[in-house]
Amino acid sequence: MIELLEKLFKYKYLIGCLLVSSFLLSTTISIRAENATDASNENNENPYSILVIKDYFEIAGVFLDVGVILLLWKTVRDFSELAKVSKLQTEVRFRPWVGPNGGFELLREDGQKKQYSITMKNFGEVPASNVIVTCTVTDSMPDKLSFLNHNNSSESKNQFQLGPLLPGMEKRYWVFIENENYRRAMEGTSNIFIFIYFMYLFSGGKSGYGMISQLDKKTNNFVHKEMWID
């Protein structure tokens, strides 16, 4: 019942106009019907006299007025929806969209570490004034809320400022993994998770893209376990 009343409240102006129009229509029809009856009784020889035809045209005019009110209401509603869509398109289009352009790639390795890289690209039409990367490597599934709220004291967590990122521009971020941790992950005795989050600033505010990837020992590649946009 409450939901029905809320829906009716949204159309209060239309309902009010229809009620007023219905009242005027009923009153006009009653008056014109009496006039038409009197005119017909007075002039039975010509029931389609000018006065009778005029009265019927005025009654039809009331119906046309109601139709005009409905068309005007529909036009206003359509313009309101169009304005909402245009605002949404503006917010989505005229802003940067920073995200990974591919997965993690192995660049090189030495006796102690393996060096991976991931490419970030601005897919939007507006430059990002500054891109800040937060990354950590763990052996268990990271808690993204804990990392984003800076509540985790892991020493492997670090932040790095990549600077501005123009539309269509790409930059790489490096991730280093200890060979011993990699060996245990490939043997199945441990896991390797990479938590990485890109926060970028622009004229309209700030936004972010995050993902959690896990090393798959079967394919020897990192598989994205979770991705999100802020």
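It should be emphasised that the depicted structure is a prediction, and the values quoted were computed from it without experimental measurement.
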dist F202:CZ -> W97:CH2 (nearest 0.5 Å) comes out at 8.5 Å
### Query
Do Y182 and L107 sit in the same hydrophobic cluster, where Ile, Leu, Val, Met, Phe, Trp and Tyr count as joined when their side-chain heavy atoms come under 4.5 Å apart?
no
- Message: Please determine whether the number of non-hydrogen atoms from other residues, nucleotides or ligands lying under 6.0 Å from atom NZ of K171 exceeds 12.
- Response: yes
query: Is any side-chain heavy atom of F195 less than 4.5 Å from a side-chain heavy atom of T138?
result: no
Given the options I212, T136, V133, I196 meets side-chain contact (heavy atoms from CB on, under 4.5 Å) only with V133
- Item | Atom CD of E187: over 12 foreign heavy atoms under 6.0 Å | yes
- [ ] Answer whether the closest heavy-atom distance between the side chains of N220 and M186 falls below 4.5 Å.
- [x] yes
Donor + acceptor pair across side chains of Y200, N122 (<3.5 Å)
no
Any C135 side-chain heavy atom under 4.5 Å of V175 side chain:
yes
On a heavy-atom basis, the closest approach of P167 and G124 is CB-O, 3.4 Å
Distance col, row M211:CE vs F104:CZ, nearest 0.5 angstrom, shows 4.0 Å
Correct closest heavy-atom pair for K121 and G168 would be CE-O, 3.9 Å
All heavy atoms of R172 vs all of S117, minimum pair found to be NH1-OG, 3.7 Å
Value for OG1 (T119) from CD (E105), rounded to nearest 0.5 Å, stands at 5.5 Å
Smallest heavy-atom separation, L106 atom then Q115 atom, equals CD1-O, 3.5 Å
Nearest heavy-atom approach of S213 to H224 is OG-ND1, 2.7 Å
Between the CD1 atom in I192 and the CD atom in E178, the distance rounded to the nearest 0.5 Å is 10.0 Å
Margin query: Within the structure provided, determine whether I177 and F222 are in side-chain contact (heavy-atom separation under 4.5 Å).
Written below: yes
>> Closer than 4.0 angstrom, basic N to acidic O: yes or no for E180 and R183?
In response: yes
- Would you say Y209 and V223 are hydrophobically clustered, going by side-chain heavy atoms of ILVMFWY under 4.5 Å? no
* Asked: Going by heavy atoms in the side chains, are D139 and R184 under 4.5 Å from each other?
  -> no
- Message: Between M199 and T134, is the side chain to side chain contact (heavy atoms under 4.5 Å, CB included) condition met? List the steps.
- Response: CA-CA 8 Å; M199 184 184 71; T134 300; over 6 Å; no
Taken to the nearest 0.5 Å, the spacing of K206 NZ from N130 CG works out to 12.0 Å
Show your reasoning for whether ring-ring contact (aromatic ring centres under 6.0 Å, His included) applies to Y173 and F198. CA-CA 10 Å; Y173 181 78; F198 317 129; 7.7 Å; no
CG (N191) and CD (Q214) are apart, to the nearest 0.5 Å, by 5.0 Å
Tell me whether F176 is reachable from I118 by hopping between hydrophobic residues (I, L, V, M, F, W, Y) whose side-chain heavy atoms are closer than 4.5 Å. no
| said: Check this for me: F123, atom CZ, are more than 12 non-hydrogen atoms of other residues, nucleotides or ligands nearer than 6.0 Å? | reply: yes
Check: Can you find a pair of side-chain heavy atoms, one from I194 and one from Y116, that are under 4.5 Å apart?
Finding: no
More than 12 heavy atoms of other residues, nucleotides or ligands under 6.0 Å from CH2 of W174: is that the case?
no
